[in-house]
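Bear in mind that the values here come from a model prediction, so they are computed numbers and not experimental data.
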Amino acid sequence: MSVLRTPDEAFENLPDYDFEPHYHALQDPELGELRMHYLDEGPRDGPVVLCLHGEPSWCYLYRKMIPVFAVAGMRVLAPDLIGFGRSDKPSERTDYTYQRHVDWVTQWFLAMDVTEVTFIGQDWGGLIGLRLLAENPDHFARFSIGNTALPTGDTPMNDAFLAWRQFSQEDPVFDIGFICNELGNGTLNEAEIDAYRAPFPSDEYKAGARQFPTLVPASPEDPAREANLAAWRVLEAWHKPALMCFSDGDPILGG
């Protein structure tokens, strides 16, 4: 097992990304110490907004939202999931599981020692973040999710997801900048596309990104099923504010 770390120079001069990096040392019982990167912007005494990115992006996804929140007086925490952005990247695909991602984010989140949090999650940020919220509900005041889910394996995946999963496993290049632009309806400029590529200087850095589509619970036999069902029971009783933001343009979760 080896852990890769994208060189710092890969993150220099990225458009709309002038944020100071912060790091937290995670302790994994099998992988040892992993360095998790996160952004911490806005006043330290402001209400906390937690932004979790999805697949195959990194916290660069929130570059335009973070200043808006900060100017409004909010403290914004935006981590890079392990395997993404400036966070460490275990090199073996078997190093990544759904449960491990939840455990990694939970360990980091609890170390931040924050309460009354507003959670914002997109794509895998929702799959992980809704588990985090459901397992630590007293830390959260509200949440908003967009184009994400909390699957238990009971609903068959649609053709668009199956095609994406196949592409993620078979495409020889898996160009993450190209993918992010496609997922964004082709609205990114070349500098932004390169910024999404920045954490992945070669294919060996993409183990986490390649693995994510295979970790979505797609059958009742999935190991995440019981934990996700438990999270659903918490969410079904949720009485605090919640905002759903779903785009019809998403072929997998549209509407």
Please test Thr152 against Asp154 for side chain to side chain donor-acceptor pair (under 3.5 Å), starting from the C-alpha separation and ending with a verdict. CA-CA 6 Å; Thr152 60; Asp154 296 300; 2.6 Å; yes
Look only at the side chain of [X] and the backbone of [Y], and say whether a donor-acceptor pair between them is shorter than 3.5 Å.
X: Arg210; Y: Ser168; result: yes
X: Lys89; Y: Ser87; result: yes
X: Tyr60; Y: Pro15; result: yes
X: Ser91; Y: Ser2; result: yes
X: Gln122; Y: Gly146; result: no
X: Asp95; Y: Glu92; result: yes
X: Asn181; Y: Leu188; result: yes
X: Gln107; Y: Gln27; result: yes
X: Tyr98; Y: Leu127; result: yes
X: Asn136; Y: Leu132; result: yes

Do [X] and [Y] come within less than 4.5 Å of each other through their side chains, counting heavy atoms only?
X: Tyr17; Y: Cys59; value: yes
X: Asp8; Y: Arg86; value: yes
X: Leu31; Y: Arg100; value: yes
X: Pro21; Y: His37; value: yes
X: Ile252; Y: Asn158; value: yes

So does Phe178 have more than 12 non-hydrogen atoms from other groups sitting under 6.0 Å from CZ?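 No - once you tally the heavy atoms of other residues, nucleotides and ligands closer than 6.0 Å, there are 12 at most.
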More than 12 foreign heavy atoms under 6.0 Å from CG of Asn189: is that the case here? yes
Are the aromatic ring centres of Phe212 and Phe84 under 6.0 angstrom apart?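 Yes; Phe84 has its ring centre under 6.0 Å from that of Phe212.
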Do Phe140 and Trp238 make the cut of ring centroids closer than 6.0 angstrom?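 No, the ring of Phe140 stays outside the 6.0 Å limit from the ring of Trp238, centre to centre.
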Tell me whether Val114 is reachable from Tyr23 by hopping between hydrophobic residues (I, L, V, M, F, W, Y) whose side-chain heavy atoms are closer than 4.5 Å.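 Per the 4.5 Å side-chain linkage, Tyr23 and Val114 are not co-clustered.
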Specify whether Phe119 and Phe143 have parallel, tilted or perpendicular ring planes, treating 30° as the upper limit for parallel and 60° as the lower limit for perpendicular.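 Phe119 vs Phe143 ring planes: tilted.
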With a 4.0 Å cut-off on N to O distance, would you call Arg197 and Asp194 a salt bridge?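 So Arg197 pairs with Asp194 through a salt bridge.
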To the nearest 0.5 Å, atom CG of Leu130 lies from atom CD1 of Ile145 at 5.0 Å
